[in-house]
Amino acid sequence: PEGPQGQIKIFLRYDAANRGVIRGLDRVSKPGCRKYVGRDEIPRVRNGLGLAILTTPKGVLTGQQALHAGVGGELLCYVW
């Protein structure tokens with residue numbers, strides 16, 4: 001609510017060996033090449049172990065949340 005775009009807060013998690021839990025992040029949509037998916041085309045990341053982040057008419061959602069909401073949108077990135 002501080003500005004017109006708002007803020008996203010990300011809190012990092014670590015395992016018992018003090019390694020980051022996030023192993024990879026792959027950007028899909030880029031300013032020159034946007035990637036849009038319909039609700040039936042939302043991909044599964046790493047056979048369900050990762051997640052896809054989409055921007056939809058209902059806001060920024062994970063792939064699973066967008067599937068349950070029945071909306072598609074711009075595929076931003078994959079996280080695993």
Apply salt bridge (charged side-chain N to carboxylate O under 4.0 Å, His left out) to [X] and list each qualifying residue two or more places apart in sequence or on a separate chain.
X	answer
D40	none
R39	none
R13	none

Expected list for residues 52-60: side-chain donor-acceptor pairs under 3.5 angstrom, two or more places apart:
| from | atom 1 | to | atom 2 | distance (Å) |
| --- | --- | --- | --- | --- |
| T56 | OG1 | K58 | N | 3.1 |
| T56 | OG1 | G59 | N | 3.4 |
| T56 | OG1 | G59 | O | 2.7 |

Atom pairs and distances, donor-acceptor, side-chain atoms in residues 41-51, under 3.5 Å, two or more places apart:
| from | atom 1 | to | atom 2 | distance (Å) |
| --- | --- | --- | --- | --- |
| E41 | OE1 | G38 | N | 2.9 |
| R44 | NH2 | N47 | O | 2.9 |
| R44 | NH2 | N47 | OD1 | 3.4 |

Would you say CG of L25 has more than 12 non-hydrogen atoms from neighbouring residues, nucleotides or ligands within 6.0 angstrom?
yes
In the hydrophobic clustering that connects Ile, Leu, Val, Met, Phe, Trp and Tyr at side-chain heavy-atom distances below 4.5 Å, which members other than F11 occupy its cluster, ordered by chain and number?
none
Should V37 and Y78 be counted in the same cluster of Ile, Leu, Val, Met, Phe, Trp and Tyr side chains packed under 4.5 Å apart?
yes
Who are the side-chain hydrogen bond (donor to acceptor under 3.5 Å, both in side chains) partners of N18, not counting sequence neighbours?
none
Show me, pair by pair, the donor-acceptor contacts under 3.5 angstrom made by side chains of residues 68-77, not counting sequence neighbours?
| from | atom 1 | to | atom 2 | distance (Å) |
| --- | --- | --- | --- | --- |
| E74 | OE2 | S29 | OG | 3.3 |
| E74 | OE2 | R34 | NH1 | 3.2 |

Go through the structure and list residues passing side-chain contact (heavy atoms from CB on, under 4.5 Å) with A16, not counting sequence neighbours.
none
Scan for salt bridge (Lys or Arg N to Asp or Glu O under 4.0 Å) pairs involving residues 16-32, sequence neighbours excluded, and state none if there are none.
D15-R19, D15-R23
